[in-house]
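Everything below concerns the one structure shown next.
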Amino acid sequence: MERTLIKDLMGKIGQQVKIQGWLQILRDQKSMQFLVLRDRTGLVQITLWKKGNPELAEKISTLGVESALTVFGKVVENEVVKLGGIEIQLENLKVEGNAEAPLPFEPFGETLPDQDYRLDWRYLDLRRQRNRLIFEVQTTLEEGMREYWIQHNFIEMHSPKTMGTPSESGAELFEIKYFDRTAYLAQSPQFYKQMAMAAGYENVFEIGPVFRADPSFTSRHMTEFTGVDMEMSWIDDHDDVMKFMENWLAFSFQAVKDKHNEEIKTLLGTEMSVPSVPFPRMTMAEAYQVLKSMDYKLPPEKKGDLDPGAERALGNYIKEKYDNDFVFVTDWPATVRPFYHMRHEDNPTLTKSFDLLGKGLEVTTGAQREHRYDVLAAQALEKGLTLPPIQNYLNYFRYGCPPHGGFGLGLSRLLMVLLDLPNIREAVYLFRGPNRLEP
RNA sequence: GGGGGCGUGGUGUAGUGGUCAAACAUGCGGCCCUGUCAAGGCCGAGACCGCGGGUUCAACUCCCGUCGCUCCCGCCA
């Protein structure tokens, strides 16, 4: 017999059905048993008159909530039933996976345990529909991103995650044993996607894991996360990257809205909005003016940079003034940017770079890259790097590399912004942090 | 790495020097209940109050250390 999904039961009134799901509630009375079964599409009540099948009733009495069940019965209409006005008259039941009692916690209880404890029992926490929805949204979001890229002739890359030499900055890399030598986990596909530019791919993207050995204890950091990276060739400057990016992002958000708008409202209590294009832009210098006008005081050591408080303040300002959740902050000082960001011709202290803030949270860093070998090498030296460790990278620019730029985006951070999630641990399937390697 | 906060039955909380051999809710077990539906009623089990040391006649409560969690900052996506 074929399985019927709970949402389709209305069309099967009077028929025998097989449904499969988890026992959410068992009300075991003297003469009647009521089971509420949950599958990914909804809840339904299942009813058994005990005297009609004492053996089955006995079996049901031993069930723990959250057991995985296959249920056979007849769908009947019953106005008395508050759960959709229908119920299933139970005929047979197979226990596929019994749940021990008590559960570590009640996923559907009125109060939930601390997040850290729920992380220990992540699969139970994920049974809540609102958590399932987060990853349905993520799936649609990535689908939208891919669709837009493919429409624009991008090639998908899968770059290695093990590296022989530290690339951008040694401090934040995880060292791993690699036979008789040391290797490093990639903290960005940066160099590899630029290599694709040198290879003449013109447009590439990658969605893959990146690793950061930062001992960060915040609601928005992870030691391993999914990076969304792209790089495009033959641009005039970083604004070409921003133009592409805002349209790409709006397209992907629209895909999410088309598919999940109602559920996001009901399960997450948030109204999602598709940002209007173009996103507001402000240079770093303008951002400082705005902060000054808001009386936001940056710590003096943050010269030329923003701190999280400043980012939140700018997010609020943009929301109020332009009614947009996003803002590009451009033209960051070279002092706070990596050596490979291209600098302005008329002002070499500033880079052709940008951050994208979403609701005041940094979700992206991007730039036009320096593709001229001599300039790039000079900038590396100026930053205090030595050339031999990055010579393989520098070589990409020796035999005809086109002008190019791109960005890296944190997938879970974008989900936080999209769904108004307060903590990145909710926006990722399994969180990894300095003290969290399990499950 | 720096700073703040927290750590009490399975879970969420209350209790902040003696009245606590620790309370409430929920969950769990048992019994009762002609259809329940956030079901309800009764009974029961379950915590040496994170760990170690100290102060005190007396510590869940104060102090020190330690571990864990959490938030903010640094770092970044």
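Numbers restart at 1 for each chain; the letters A, B, ... are given by sequence-line order, proteins then strands. On a predicted model such as this, the values are computed, not experimentally measured, just so you know.
Between A:Lys352 and A:Asp237, none of the side-chain N atoms (NZ, or NE/NH1/NH2) sits under 4.0 Å from a carboxylate O, so this pair counts as no salt bridge. Looking at A:Arg337 and A:Asp355, a side-chain N of the basic residue comes within less than 4.0 Å of a carboxylate O on the acidic one, giving a salt bridge. Between A:Glu143 and A:Arg146, none of the side-chain N atoms (NZ, or NE/NH1/NH2) sits under 4.0 Å from a carboxylate O, so this pair counts as no salt bridge.
Note on A:Arg220: a side-chain N or O is less than 4.0 Å away from OP1 or OP2 of B:C73. Taking 4.0 angstrom as the limit, A:Ser219 places a side-chain polar atom (N or O) nearer than this to OP1 or OP2 of B:C72. Side-chain N/O atoms of A:Thr365 include one lying less than 4.0 angstrom from OP1 or OP2 on B:A77. Residue A:Asn423 has a polar side-chain atom (N or O) positioned under 4.0 Å from OP1 or OP2 of B:C71. Taking 4.0 angstrom as the limit, A:Lys82 places none of its side-chain polar atoms (N or O) nearer than this to OP1 or OP2 of B:C37. Taking only side-chain nitrogens and oxygens, A:Arg425 comes nearer than 4.0 Å to OP1 or OP2 of B:U70. For B:C69, the OP1/OP2 oxygens have a side-chain nitrogen or oxygen of A:Asn435 closer than 4.0 Å. For A:Gln29 and B:U36, the shortest distance from a side-chain N or O to OP1 or OP2 is not below 4.0 Å.
With a cut-off of 3.5 Å on both pairing distances, the Watson-Crick or G-U wobble partner of B:C69 is B:G5. Nucleotide B:G74 is matched to nothing when pairs are restricted to Watson-Crick or G-U wobble geometry with both distances under 3.5 angstrom. Remark: B:A14 base-pairs with no nucleotide; criterion is Watson-Crick or G-U wobble with both hydrogen-bond distances under 3.5 Å. When both pairing distances are held under 3.5 Å, B:G44 makes a Watson-Crick or G-U pair with B:C28.
Side-chain contact of A:Ser216 with A:Asp214: a donor-acceptor pair under 3.5 Å is absent, judged by distance alone. Side chains of A:His260 and A:Thr140: a donor-acceptor N/O pair is present below 3.5 angstrom, by distance only.
Between the NZ atom of A:Lys30 and the P atom of B:C42 there is a distance of 18 Å, rounded to whole Å. Per the geometry, NZ belonging to A:Lys51 stands 9 Å off C1' belonging to B:U34, to the nearest Å. Atom C1' of nucleotide B:U34 and atom CG of A:Asp28 are separated by 15 Å, given to the nearest angstrom. One interatomic measurement links the two molecules: CD1 of A:Ile424 to P of B:C71, which rounds to 12 Å at whole-angstrom precision. Distance A:Leu26 CG to B:C37 C1': 13 Å, rounded to the nearest Å. Between A:Trp121 atom CH2 and B:C69 atom P there is a gap of 17 Å when expressed in whole angstrom units. Computed from coordinates, the A:Leu83 CG to B:A39 C1' distance equals 14 Å when rounded to whole Å. Taking atom CZ on A:Phe217 and atom C1' on B:C71, their separation rounds to 12 Å, with Å as the unit.
On the C1' atoms, B:U66 is 25 Å away from B:G15, given to the nearest whole Å. To the nearest whole angstrom, the two P atoms, one in B:C28 and one in B:C71, are 30 Å apart. Taking atom C1' in both B:U19 and B:G7, one finds a spacing of 26 Å when rounded to whole Å. With both ends at atom C1', the span from B:C49 to B:C6 equals 14 Å, rounded to whole Å. Taking the C1' atom of each, B:U16 and B:A58 are spaced 15 Å apart, rounded to whole Å. Remark: the separation of the P atoms in B:G10 and B:A45 is 16 Å, to the nearest Å. Nucleotides B:A38 and B:G74 have their C1' atoms positioned 46 Å apart, rounded to a whole Å. The P atoms of B:U55 and B:C64 are separated by 15 Å, rounded to the nearest whole Å.
Candidate nucleotides B:G1, B:C72, B:C75 were compared by shortest atom distance to the side chain of A:Arg312, and B:C72 ranks first. Checking B:C75, B:U36, B:C71 against the side-chain heavy atoms of A:Ser216 singles out B:C75 as nearest. The nucleotide whose nearest atom lies closest to any side-chain atom of A:Glu362 is, among B:C37, B:A77, B:U70, B:A77. Closest contact between the side chain of A:Ala101 and the listed nucleotides B:C75, B:G35, B:G29 involves B:G29.
Checked against ring pair (Phe, Tyr, Trp, His ring centres under 6.0 Å), A:His404 has no partners two or more places apart in sequence or in another chain. A:Lys319 meets the side-chain contact (heavy atoms from CB on, under 4.5 Å) test with A:Asp323, A:Asp325; sequence neighbours excluded. Take A:Phe328 and apply the ring pair (Phe, Tyr, Trp, His ring centres under 6.0 Å) test, not counting sequence neighbours, and it matches A:Phe279, A:Phe354.
At the heavy-atom level, A:Val363 lies under 4.0 Å from the strands shown only through sugar-phosphate atoms. As judged by a 4.0 angstrom heavy-atom cut-off over every strand, A:Gln115 is placed among residues making no nucleic acid contact. Using a 4.0 Å heavy-atom cutoff across all strands shown, A:Ile25 reaches sugar-phosphate atoms only and no base atom. Using a 4.0 Å heavy-atom distance criterion, A:Gln33 is classed as making no nucleic acid contact.
Within 3.5 Å, no donor on the side chain of A:Arg436 pairs with an acceptor on the base of B:C69, nor the reverse.
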Side-chain donor-acceptor pairs of residues 55-65 of chain A under 3.5 Å, sequence neighbours excluded:
residue : atom : partner : partner atom : Å
A:Lys59 : NZ   : A:Leu93 : O            : 2.9
A:Ser61 : OG   : A:Asp28 : OD2          : 2.8
A:Ser61 : OG   : A:Gln33 : NE2          : 3.2
A:Ser61 : OG   : A:Ala57 : O            : 3.1
A:Thr62 : OG1  : A:Lys59 : O            : 2.7

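Ring stacking holds between A:Phe225 and B:A77, with the centres under 5.5 Å apart and the planes within 30 degrees of each other.
Residue-to-nucleotide proximity on RNA chain B shows that, of A:Asp307 and A:Val81, the 5′-proximal contact is made by A:Val81.
Taking the six-membered ring for Trp and the full ring otherwise, A:His152 and A:Phe244 have centroids separated by under 6.0 Å.
Sorted by first and then second residue, the pairs that involve residues 424-439 of chain A and meet salt bridge (charged side-chain N to carboxylate O under 4.0 Å, His left out), not counting sequence neighbours, are A:Asp116-A:Arg436, A:Asp120-A:Arg436, A:Arg130-A:Glu426.
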Indicate for each nucleotide in nucleotides 7-13 of chain B, in 5' to 3' sequence, whether protein heavy atoms under 4.0 Å reach the base (B), only the sugar-phosphate (S), or nothing (-). ---BSS-
